[in-house]
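Naming: A, B, ... by sequence-line order, numbering from 1 per chain.
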Number of protein chains: 4
Amino acid sequence: MCSRRTPPPTAPGRPGRPRSAAADAAILEATRAALVDLGWSKLSMSDVATRAGVAKTTLYRRWASKNELVVDAVAVLFDELELPDRGSLSADIEGVVRQFAALLERPEAKTALMAVVAESTRDAPLRERIRTSIVDRQKRLVEEGRRRAQARGELPATSPAGAVGGTDDLIFDVIAGAVVHRALVSGQPVDTQWVQRFTALLLGGLGAAARG
Amino acid sequence: MCSRRTPPPTAPGRPGRPRSAAADAAILEATRAALVDLGWSKLSMSDVATRAGVAKTTLYRRWASKNELVVDAVAVLFDELELPDRGSLSADIEGVVRQFAALLERPEAKTALMAVVAESTRDAPLRERIRTSIVDRQKRLVEEGRRRAQARGELPATSPAGAVGGTDDLIFDVIAGAVVHRALVSGQPVDTQWVQRFTALLLGGLGAAARG
Amino acid sequence: MCSRRTPPPTAPGRPGRPRSAAADAAILEATRAALVDLGWSKLSMSDVATRAGVAKTTLYRRWASKNELVVDAVAVLFDELELPDRGSLSADIEGVVRQFAALLERPEAKTALMAVVAESTRDAPLRERIRTSIVDRQKRLVEEGRRRAQARGELPATSPAGAVGGTDDLIFDVIAGAVVHRALVSGQPVDTQWVQRFTALLLGGLGAAARG
Amino acid sequence: MCSRRTPPPTAPGRPGRPRSAAADAAILEATRAALVDLGWSKLSMSDVATRAGVAKTTLYRRWASKNELVVDAVAVLFDELELPDRGSLSADIEGVVRQFAALLERPEAKTALMAVVAESTRDAPLRERIRTSIVDRQKRLVEEGRRRAQARGELPATSPAGAVGGTDDLIFDVIAGAVVHRALVSGQPVDTQWVQRFTALLLGGLGAAARG
DNA sequence: TCTTAAGCGAGACGGTACGTCCAGTCTTGGC
DNA sequence: GCCAAGACTGGACGTACCGTCTCGCTTAAGA
């Protein structure tokens with residue numbers, strides 16, 4: 001993960017004082033704390049530095065901008081998502097939707113996710129970093145769910161669908177997009193009823209696709 | 001629409017010089033132009049004022065903040081969405097998805113939409129204004145499409161579904177969310193293939209729901 | 001005196017909010033206080049702004065740099081020098097030397113004078129400003145002393161000596177230079193004995209010149 | 001000359017790697033070069049270190065601060081002043097004035113001299129070092145000139161004048177002060193005419209003193 | 001026609017954060 | 001123990017906007 005500003009910062013035999021590993025952790029933690037307290041738009045690099053007990057220069061030595069820092073700080077939150085086998089495709093979908101909704105209720109996640117996506121509309125490297133650090137890493141959940149459903153016989157084993165533009169990507173956008181839109185744009189709760197109706201809709205679509 | 005800072009700005013019998021109506025249009029147009037040129041985060045009130053040939057005071061007399069101004073400036077773009085009768089539910093869905101995707105390719109729309117949504121996560125009045133001025137106004141498209149499909153017999157006439165928590169809202173979140181996620185988060189093109197596969201999935205889901 | 005950064009700042013009919021006159025006085029006073037407390041090299045614009053109860057922008061709107069500000073702040077000190085008629089050329093010289101020495105003992109004057117002269121060695125506009133605001137204004141003292149001595153018959157009335165390169169300039173450099181060098185470079189006190197011996201030397205030179 | 005930070009740096013029997021003598025010369029030379037290029041206020045320790053091909057650590061191991069380093073770097077320039085016997089007191093004075101003026105035209109000398117004197121107004125050890133390394137060493141020129149003039153009979157042999165507060169010191173302050181003030185404060189050229197008139201004035205004063 | 005009250009432009013104001021630069025210190029590994 | 005390299009804390013820099021304010025001028029409706 002080349003998430004740092006400078007080229008591989010910790011080559012072993014490099015001369016000079018090595019970068020403090022503790023600083024990295026402190027900075028990312030401070031960033032999340034600042035996101036909770038202030039939100040993205042009032043988060044300042046100076047404040048993060050102060051919270052982390054670190055000089056501003058140390059921040060700028062490692063991250064080129066607030067956006068890159070925030071992406072790194074929240075990426076780890078998304079990695080906490082998991083997909084335990086709940087016994088059926090339906091339960092698996094409900095489970096992941098609920099987990100994702102719970103994540104989007106965390107203030108550091110919701111303010112940061114939308115903000116960096118907004119910034120990324122004018123910043124290709126940032127877009128790339130978001131995809132690499134956050135988005136693509138969650139596709140594993142869809143892939144895993146599909147594989148399990150195929151093993152259970154809930155979905156046909158044909159069409160691996162993992163190829164570029166495959167069904168996995170479509171399902172991913174539908175699930176993630178619907179939850180994000182419900183929670184952040186429509187501003188409505190992702191409650192049990194909604195989850196069940198969304199799951200039913202999606203299962204219906206998948207079933208129709210399998211038959212058609 | 002109480003989109004202004006001060007209460008009814010042009011009450012007829014009010015004393016003093018009335019507000020310039022031309023200024024309003026110039027400011028909103030200048031805001032869109034600035035969004036195109038600079039994106040949301042580098043847009044400044046001073047810059048908008050200069051572009052509009054207006055003093056900063058005039059901006060702040062009418063909008064309380066950059067966010068409110070931007071919401072008003074882009075809301076009109078979303079009102080351009082239409083749903084001509086394309087003859088089938090499938091074609092109607094494809095049509096609206098394409099229109100929405102085209103809108104999200106306009107730089108002023110994509111940078112602004114995500115940014116104000118991000119800000120709204122910590123600002124309830126802004127959230128309310130986004131819902132009022134942008135989001136809820138587009139639900140008419142879903143409603144219209146459903147009505148037409150019911151008239152055509154493609155969907156059962158039962159369940160008006162317009163009630164709070166009705167199917168309309170779910171469909172709206174799924175369509176809008178999937179398109180936004182595909183275009184802005186995944187950063188992939190909303191091309192013909194994707195639109196067709198998404199439409200098929202959604203139709204399948206709706207059909208299953210109608211049967212179940 | 002165009003001692004400000006921007007062109008004549010207080011033209012009467014100019015549009016916009018006029019500059020605060022009180023701010024000017026507060027800033028110059030704060031600058032002198034900071035010079036006393038911190039000396040030139042540790043004086044910071046931020047600190048001056050804070051002391052003056054003024055924003056940093058207000059400083060930079062009026063002075064282009066720390067050096068220009070300091071010149072203006074100390075110039076007024078030099079204007080306090082006076083040359084009361086002490087009855088003889090000798091007494092007048094002794095008087096002005098003592099006054100000048102007393103001025104150079106004030107911490108804000110001594111740290112600032114040498115520092116801005118040092119800076120001016122690489123900054124022609126600053127050099128010009130120092131000459132205009134400080135140096136040339138004190139030549140009046142030499143001129144006045146000479147005129148009085150001529151009136152008393154202590155010096156010949158011939159040779160007005162005020163022309164460029166005239167004797168006045170030479171005398172000025174000798175007096176000011178000797179006192180500055182004694183006080184700041186040699187770091188020795190300008191005490192009574194030194195003043196008397198310096199005055200005797202200078203009077204002797206002037207007398208010889210008058211005769212020769 | 002205890003111009004180093006640490007006590008006698010090259011005690012013979014000391015353990016460990018001895019300090020590089022070449023580094024000293026390179027640093028002082030780099031300092032002078034930086035003074036020429038940047039002036040005192042923009043000279044940075046990092047820059048000097050880079051120019052000298054040396055690490056910053058090495059600088060700080062030898063000099064406690066930028067000011068001390070600069071004093072050492074320019075002190076050697078002043079040692080180049082000489083007083084060849086030009087046959088008369090008048091010619092000797094003119095000679096030394098011209099030499100000193102030429103020195104003050106060198107950019108590294110003029111920017112550094114005034115700057116360190118300015119700093120020394122708030123830093124007694126620095127003041128002491130300037131006196132030791134620069135000022136007092138030049139008094140030899142006055143002393144030598146006086147001795148020669150006495151030998152020639154141009155000045156009376158009485159009054160050794162070398163004692164503290166003696167005439168030598170006064171003459172030194174008058175000569176050095178007048179030239180510095182003319183060149184750096186008044187910002188006027190120390191040209192032939194000025195030198196001759198200054199010399200005449202000073203000779204007149206010395207003659208009167210000798211007679212009185 | 002003359003108030004009168006608000007709108008309007010311009011731009012100064014007190015603030016806050018920016019991203020950079022340098023000071024001076026500390027921590028490596030190699031000599 | 002010296003040295004080069006470079007990361008570290010800390011603090012000032014000068015700039016850019018923020019949102020507010022204070023001017024003098026303009027514009028209409030009502031007296």
Novice: Could you measure the distance from the CG atom of Leu113(B) to the CD1 atom of Ile130(B)? Nearest 0.5 Å is fine.
Specialist: 8.0 Å
Novice: Can you identify which nucleotide, out of dC13(E), dC13(F), dA23(E), has its nearest atom closest to the Tyr60(D) side chain?
Specialist: dA23(E)
Novice: Between Lys42(D) and Asp37(D), is there a side-chain N and carboxylate O pair less than 4.0 Å apart?
Specialist: no
Novice: Does the Lys NZ or Arg CZ of Lys110(D) fall within the cation-pi geometry relative to Trp40(D) - under 6.0 Å from the ring centre and within 45° of the axis?
Specialist: no
Novice: Just do the side chain to side chain contact (heavy atoms under 4.5 Å, CB included) check on Thr58(A) and Arg62(A) with the steps written out, would you?
Specialist: CA-CA 7 Å; Thr58(A) 300; Arg62(A) 301 175 188 215; 3.7 Å; yes
Novice: Let me confirm one number: the CZ-CD1 distance from Arg32(B) to Ile27(B), rounded to the nearest 0.5 Å.
Specialist: 11.5 Å
Novice: Using whole Å, what does the distance between atom P of nucleotide dC8(F) and atom CZ of Arg19(A) come to?
Specialist: 7 Å
Novice: Would you compute the distance between atom OG of Ser20(B) and atom CG of Asp24(B) and round it to the nearest 0.5 angstrom?
Specialist: 7.5 Å
Novice: Tabulate atom names and distances for all N/O pairs under 3.5 angstrom spanning the protein and nucleotides 23-27 of chain F.
Specialist:
{"unit_1": "dT26(F)", "atom_1": "O2", "unit_2": "Arg17(B)", "atom_2": "NH1", "d": "3.0"}

Novice: Heavy atom of residues 29-48 of chain C under 4.0 Å from DNA chain F: which residues?
Specialist: Ser44(C), Met45(C), Ser46(C)
Novice: Nearest-Å distance, CG (Asn67(C)) to P (dA12(F))?
Specialist: 17 Å
Novice: Would you give the length of the straight line joining atom CZ of Arg127(B) to atom CD of Glu119(B), rounded to the nearest 0.5 angstrom?
Specialist: 12.0 Å
Novice: Heavy-atom nearest nucleotide on DNA chain E for Thr58(C) versus Ala55(B): which residue maps closer to 5'?
Specialist: Ala55(B)
Novice: Starting at the 5' end of DNA chain F and moving along, which residue's nearest nucleotide shows up first, Thr57(C) or Ala21(A)?
Specialist: Ala21(A)
Novice: Rounded to the Å, how far apart are Trp63(D) CH2 and dG24(E) C1'?
Specialist: 16 Å
Novice: Take the protein atom CG of Leu59(B) and the nucleotide atom P of dC18(F), then report the distance between them rounded to whole Å.
Specialist: 10 Å
Novice: Please answer whether the main-chain N or O of Asp47(C) pairs with a side-chain N or O of Ser44(C) as donor and acceptor at a distance below 3.5 Å.
Specialist: yes
Novice: Out of curiosity, Leu59(B) CG to Thr31(B) OG1, how far, rounded to the nearest 0.5 Å?
Specialist: 6.5 Å
Novice: Is Arg62(A) near enough to dC8(F) that one of its side-chain N or O atoms lies under 4.0 angstrom from OP1 or OP2?
Specialist: yes
Novice: Rounded to whole angstroms, how far apart are CG on Leu69(A) and P on dG19(E)?
Specialist: 11 Å
Novice: Does dC8(F) have OP1 or OP2 under 4.0 Å away from a side-chain N or O of Arg61(A)?
Specialist: yes
Novice: Relative to the 5' end of DNA chain E, which residue comes earlier, Lys56(A) or Ala23(B), by the nucleotide with the nearest heavy atom?
Specialist: Ala23(B)
